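I have placed the structure first, in the form of structure tokens, so that the comments after it can refer back to it.
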Amino acid sequence: QVQLVESGGGLVQAGGSLRLSCAASGRTFSTYDMAWLRQAPGNERGFVAAIRWNGASTYLADSVKGRFTISRDNAKNAVYLQMNSLKPEDTAAYYCAATRASVLHIIASRYSYWGQGTQVTISS
């Protein structure tokens, strides 16, 4: 089992940057694929980015490719989401999630563990 706590959200202007962090507890963090998903009011929770347990591969949603980067540090039990060139449509609650799987997943229901979320608001 793994517990997840996100941080780093806030209010920034369009074009700005934020770096989200997700701190994980437990000795088995390095065995989990990790992902970031986001949910805006009235919308379903949608995929943003995912990274394999060993960091060997990543996958990004088309809407964030070229702007966001996902990374992890297994020695620190942490996963990060670097967000650049932010747009108002990036406004949402961002959630960190974990799962054990043979491939990266983009569907929220495939993830077993979730953090409480951190709010990101982009002003125009």
Side-chain angles (χ1 to χ4, degrees):
Q1 190 170 358
V2 61
Q3 287 80 44
L4 305 171
V5 179
E6 303 95 334
S7 61
L11 171 64
V12 299
Q13 290 187 331
S17 297
L18 281 174
R19 188 192 193 209
L20 304 185
S21 298
C22 175
S25 64
R27 294 176 293 176
T28 59
F29 171 77
S30 63
T31 67
Y32 286 87
D33 291 348
M34 300 297 297
W36 289 94
L37 297 94
R38 65 187 180 186
Q39 187 169 20
N43 291 351
E44 293 185 352
R45 197 166 295 188
F47 174 80
V48 177
I51 187 167
R52 287 288 275 161
W53 60 273
N54 58 0
S57 62
T58 62
Y59 187 75
L60 295 166
D62 288 344
S63 59
V64 306
K65 282 181 181 176
R67 301 189 298 123
F68 291 12
T69 303
I70 186 170
S71 61
R72 68 188 295 160
D73 186 339
N74 285 346
K76 295 183 178 180
N77 276 19
V79 63
Y80 308 100
L81 186 68
Q82 178 66 44
M83 306 187 295
N84 299 327
S85 303
L86 284 160
K87 304 176 181 180
E89 51 263 44
D90 294 319
T91 294
Y94 282 71
Y95 297 88
C96 175
T99 192
R100 283 181 173 142
S102 58
V103 296
L104 285 175
H105 287 294
I106 65 171
I107 300 173
S109 60
R110 293 288 189 173
Y111 288 86
S112 304
Y113 302 101
W114 293 83
Q116 82 291 346
T118 185
Q119 179 66 36
V120 171
T121 304
I122 312 303
S123 63
S124 57

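As the structure is a computational prediction, the values presented were derived from the model and not from experiment.
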Task: side chain to side chain contact (heavy atoms under 4.5 Å, CB included) between T99 and Y32, intermediate numbers included - done: CA-CA 5 Å; T99 192; Y32 286 87; 5.5 Å; no
Side chains of [X] and [Y], heavy atoms from C-beta outward: is any pair under 4.5 Å?
X    : Y    : value
M34  : R72  : yes
V120 : L18  : yes
L20  : Y80  : no
T69  : L81  : no
S63  : K87  : no
E6   : Y94  : no
Q39  : Y95  : yes
L11  : Q119 : no

- [ ] Check the pair I70, W36 against side chain to side chain contact (heavy atoms under 4.5 Å, CB included), reporting the backbone distance first and the verdict last.
- [x] CA-CA 8 Å; I70 186 170; W36 289 94; 3.7 Å; yes
Task: Over 12 non-hydrogen atoms of neighbours within 6.0 angstrom of NZ in K76 - done: no
Task: Within 6.0 angstrom of Q116 CD, more than 12 heavy atoms from elsewhere - done: yes
Task: Test side chain to side chain contact (heavy atoms under 4.5 Å, CB included) applied to T28 and R100, step by step - done: CA-CA 11 Å; T28 59; R100 283 181 173 142; 3.5 Å; yes
TODO: Say whether I51 and Y113 are linked into one hydrophobic cluster, either directly or through other cluster members, by side-chain heavy-atom distances under 4.5 angstrom.
DONE: yes
Open item on the list: Between W114 and L4, is there shared hydrophobic-cluster membership here, with clusters defined by ILVMFWY side-chain heavy atoms closer than 4.5 Å?
Closed with: no
For [X] and [Y], which heavy atoms make the closest approach, and how far apart are they?
X   : Y   : result
N84 : S17 : OD1-OG, 2.9 Å
L60 : A49 : CD2-CB, 3.2 Å
A92 : A40 : CB-N, 3.9 Å

Open item on the list: Show me the pairs that pass side-chain hydrogen bond (donor to acceptor under 3.5 Å, both in side chains) and involve residues 46-61, at least two apart or across chains.
Closed with: D33-R52
Task: Option among V48, I122, V12 that satisfies the side-chain contact (heavy atoms from CB on, under 4.5 Å) test with D90 - done: I122
Task: Side-chain (Y111) to main-chain (L37) donor-acceptor, under 3.5 angstrom - done: no
- [ ] Answer yes or no: is there a donor N or O on one side and an acceptor on the other, between the side chain of R67 and the main chain of S85, under 3.5 Å?
- [x] yes
Task: Pair S25, Q3: side-chain N/O donor-acceptor within cut-off below 3.5 Å - done: yes
